[in-house]
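Below is one structure, written out as structure tokens, with a few remarks after it.
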Protein chains: 2
Amino acid sequence: MGNSKLYKGSLTTIIMKLLAENDKMYGYEITQKVKKLTQGELNITEGALYPALHKLEADGLLHVEVKKVDNRLRKYYKLTEKGTKETANLLTELQRYIETMQHLVNPKFSLD
Amino acid sequence: MGNSKLYKGSLTTIIMKLLAENDKMYGYEITQKVKKLTQGELNITEGALYPALHKLEADGLLHVEVKKVDNRLRKYYKLTEKGTKETANLLTELQRYIETMQHLVNPKFSLD
DNA sequence: TTTTATACATAAGAAAATTATGTATATTTG
DNA sequence: CAAATATACATAATTTTCTTATGTATAAAA
């Protein structure tokens, strides 16, 4: 993914948040959207994306709908109700992670 | 580590930053410091910490000095010159990561 | 016509963590 | 005083998550 190891563990959060904003998206579309939104900083690889989508589907967080467009296959993913709830949790966790890291890295927040 | 998957990949950054602030620290001390600074949010496990410290030492980013205190062993770690430079890079990467994730998650920064 | 883009997928391997276990000493608590 | 907890290190087996490589197929651009 990114040029930094820090992106490890954040792929699911990214996918879910994009689907929360865009209702339904297909895999390739997600990679392009992320590339654009991050100005090329984050390029999701297929080897990371597709297994992640399959797992989210298996966990009942995403629902898939196959469509044929221009004689090419597309798998549209959409949040389930469970997925919508889980997205809220993941975004809360992200904010908490960011705050925690700021505390650790910014000494002026130090407790001791 | 944390209750969130997001902490994956950030352990090295945390260790290096603490050593940049505290000159020299030993492993157990790092776990306690992090627990305190994060109010219990982040508990570094020994299975993650020690292999990470050994790798940083092997990479020439940390220097180790063994001391016996109260008849117990302590391994004090300190940043090398190379480690100090690398710490600056890691902190820059962390800030960049946080900004990128804010862009993705906070729609008001959206480009399209 | 060859390369790039679109669109999916999986397999092998690496990296970084979790969980479990092990050794040993010091201190606290019931 | 005995048992539990804290201090302090370590590693091995396994799991998770990613990279890299490879594969199939159609469409568009160079």
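Quick note: numbers below take in every heavy atom, side chains included, and nothing from hydrogens, waters or symmetry partners. Quick caveat: nothing in here was measured; it's all calculated off a predicted structure.
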Rounded off to whole Å, could you give me the [atom1]-to-[atom2] distance for the [X] and [N] pair?
X       : N      : atom1 : atom2 : result
A:Leu56 : D:dC18 : CG    : C1'   : 15 Å
A:Ile30 : C:dA7  : CD1   : P     : 12 Å
B:Asn3  : D:dT16 : CG    : C1'   : 17 Å
B:Lys35 : D:dT5  : NZ    : P     : 14 Å
A:Lys55 : D:dT16 : NZ    : C1'   : 9 Å
A:Glu57 : C:dA9  : CD    : P     : 9 Å
A:Asp59 : D:dT16 : CG    : P     : 11 Å
B:Leu11 : C:dA15 : CG    : P     : 16 Å

Below the 4.0 Å mark, does [N] have OP1 or OP2 next to a side-chain nitrogen or oxygen of [X]?
X       : N      : result
A:Asn71 : D:dA25 : no
B:Lys75 : D:dA8  : no
B:Arg72 : C:dA26 : no
A:Tyr50 : C:dA9  : no
A:His54 : C:dT10 : yes
A:Lys5  : C:dA16 : yes
A:Tyr26 : C:dA7  : yes

Nearest heavy atoms of [X] and [Y], plus distance in Å:
X       : Y        : value
B:Gly9  : A:Leu6   : O-CD2, 3.7 Å
B:Asn43 : B:Lys35  : OD1-CE, 2.7 Å
A:Lys17 : B:Val105 : CE-O, 2.9 Å

Exercise. DNA chain C: B:Ile44 or A:Leu53, which has the more 5' nearest nucleotide?
Worked result: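 Closer to the 5' end of DNA chain C: A:Leu53.
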
Exercise. Hey, which of these two, B:Asp70 or A:Glu46, hits DNA chain C nearer its 5' end, going by closest nucleotide?
Worked result: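 Residue closer to the 5' terminus by nearest nucleotide: A:Glu46.
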
Problem set entry | B:Ala48 or A:Asn43, whichever maps to the more 5' nucleotide of DNA chain D |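 Its nucleotide being nearer the 5' end, the pick is B:Ala48.
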
Problem set entry | Closest-nucleotide ordering on DNA chain D, the 5'-leading residue of A:Tyr7 and B:Tyr76 | B:Tyr76

For this session: Classify the side-chain pair B:Glu41/B:Tyr7 by whether it contains a donor and acceptor separated by less than 3.5 Å.
Result: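 B:Glu41 vs B:Tyr7: donor-acceptor pair found between side chains.
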
Exercise. Which part of the nucleic acid, if any, lies within contact of A:Gly47, taking any heavy atom under 4.0 Å across all strands shown: a base, the sugar-phosphate backbone alone, or nothing?
Worked result: base

Exercise. If two hydrophobic side chains count as joined below 4.5 Å and joins carry through other members, does B:Leu73 share a cluster with B:Tyr50?
Worked result: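 B:Leu73 does not cluster with B:Tyr50.
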
Problem set entry | B:His63, B:Glu57, B:Glu65 screened by side chain to side chain contact (heavy atoms under 4.5 Å, CB included) with B:Tyr77, the one that passes |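 One option only clears the test, and that one is B:Glu57.
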
Seminar exercise, completed: The nucleotide from D:dT11, C:dA17, D:dC18 with an atom nearest the side chain of B:Lys8 is C:dA17

